[in-house]
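In what follows, a single structure is set out as structure tokens and then discussed.
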Amino acid sequence: IGAEVLLTEPLIWAGAKGGCAHLREPLPVSLWEEGCAWRAGALEALSREGRNYRIAYMSAHTAGQRSAILADLAIAPLPKSFIGDEIVALGPEHGLPQLSNYNLAMIVAPDASAPVRAAADHIRATMEAFKEAGRF
């Protein structure tokens, strides 16, 4: 069964507006648990660049990363759409490696029931509306 990609978005390093966590050595990062693609990509990029880091915080929800960022205790790899207000994008100009894109995908079984197909259609429409509104 193939996955239908609903969204492709860049991952960026997110830090506090006016913050200095990205200047610390070793670099404090806030990540998810083992097995997370965002975590793996971020750690691989840091290792590839030879950047020393320490995992300062772990949370299975972006709210945990956001809290660490807003307190300027760490930076985190987040989707570009999370940037705004008090969280800014950090990149090579800040001594951080470029991160890759991520895909949000959905799999619907070919023999899915009518309610499942309706839910999938609603998710597709919602994602399209967000893209058209410039939210992604």
> What's the shortest heavy-atom distance between Ala14 and Ile87, and which atoms?
Replying inline: CB-CG2, 3.6 Å
>> How long is the straight-line distance from CG of Leu99 back to CD of Glu44, given to the nearest 0.5 Å?
In response: 10.0 Å
> Could you give all pairs that pass the salt bridge (charged side-chain N to carboxylate O under 4.0 Å, His left out) test and reach residues 81-95, with sequence neighbours left out?
Replying inline: none
> Could you walk me through whether Leu43 and Tyr53 pass the side chain to side chain contact (heavy atoms under 4.5 Å, CB included) check?
Replying inline: CA-CA 9 Å; Leu43 295 182; Tyr53 65 89; 3.3 Å; yes
> Atom CZ in Arg51, atom CG in Leu96: separation rounded to 0.5 Å?
Replying inline: 5.5 Å
> Closest heavy-atom contact between Ala89 and His94?
Replying inline: O-CE1, 4.0 Å
> Hey, what else clusters with Leu23 if you join Ile, Leu, Val, Met, Phe, Trp, Tyr whenever side-chain heavy atoms sit under 4.5 Å?
Replying inline: none
> Do NZ/NE/NH1/NH2 and the carboxylate oxygens of Glu34 and Arg39 come within less than 4.0 Å?
Replying inline: yes
> Got a sec, which pairs hit salt bridge (charged side-chain N to carboxylate O under 4.0 Å, His left out) with one end in residues 101-123, sequence neighbours left out?
Replying inline: Asp121-Arg124
>> Please say yes or no: joined through hydrophobic side-chain contacts below 4.5 Å, possibly via intermediate residues, are Phe82 and Tyr57 part of one cluster?
In response: no
> With sequence neighbours left out, what residues match Arg66 under salt bridge (Lys or Arg N to Asp or Glu O under 4.0 Å)?
Replying inline: none
> Looking only at heavy atoms, which two atoms of Ala120 and Val108 are closest? And how far apart?
Replying inline: CB-CG2, 3.6 Å
> Considering residues at least two apart in sequence or located in another chain, which fulfil the salt bridge (Lys or Arg N to Asp or Glu O under 4.0 Å) criterion with Arg24?
Replying inline: Asp72
>> Can you confirm whether the side chains of Tyr102 and Glu9 place a donor and an acceptor under 3.5 Å from each other?
In response: yes
> Quick check: are there more than 12 heavy atoms from other residues, nucleotides or ligands sitting under 6.0 Å from CD of Gln98?
Replying inline: no
> Do Leu73 and Val29 sit in the same hydrophobic cluster, where Ile, Leu, Val, Met, Phe, Trp and Tyr count as joined when their side-chain heavy atoms come under 4.5 Å apart?
Replying inline: no
> So Leu90 and Ile12, side chain to side chain contact (heavy atoms under 4.5 Å, CB included) or not? Walk me through it.
Replying inline: CA-CA 7 Å; Leu90 303 170; Ile12 52 86; over 6 Å; no
Output side-chain donor-acceptor pairs under 3.5 Å for residues 126-133, partner residues at least two apart or in another chain, one line each.
unit_1, atom_1, unit_2, atom_2, d
Thr126, OG1, His122, O, 2.9
Glu128, OE2, Lys131, NZ, 3.1
Lys131, NZ, Leu6, O, 2.8

>> For Val88 versus Ala16, what's the shortest heavy-atom pair and its separation?
In response: CG2-O, 4.0 Å
> Shortest non-hydrogen contact from Pro28 to Ala21?
Replying inline: CD-O, 3.4 Å
> Is there a donor-acceptor contact under 3.5 Å from the side chain of Trp13 to the main chain of Pro97?
Replying inline: yes
> If you round to the nearest 0.5 Å, how far is NZ of Lys80 from CG of Leu11?
Replying inline: 12.0 Å
> Distance from Lys17 atom NZ to Leu70 atom CG, nearest 0.5 Å?
Replying inline: 12.0 Å
> What is the distance from atom CD1 of Ile75 to atom CG of Leu31, rounded to the nearest 0.5 Å?
Replying inline: 9.0 Å
>> Looking at every heavy atom in both Ser59 and Gly64, which two are closest together, and how far apart are they?
In response: OG-CA, 3.6 Å
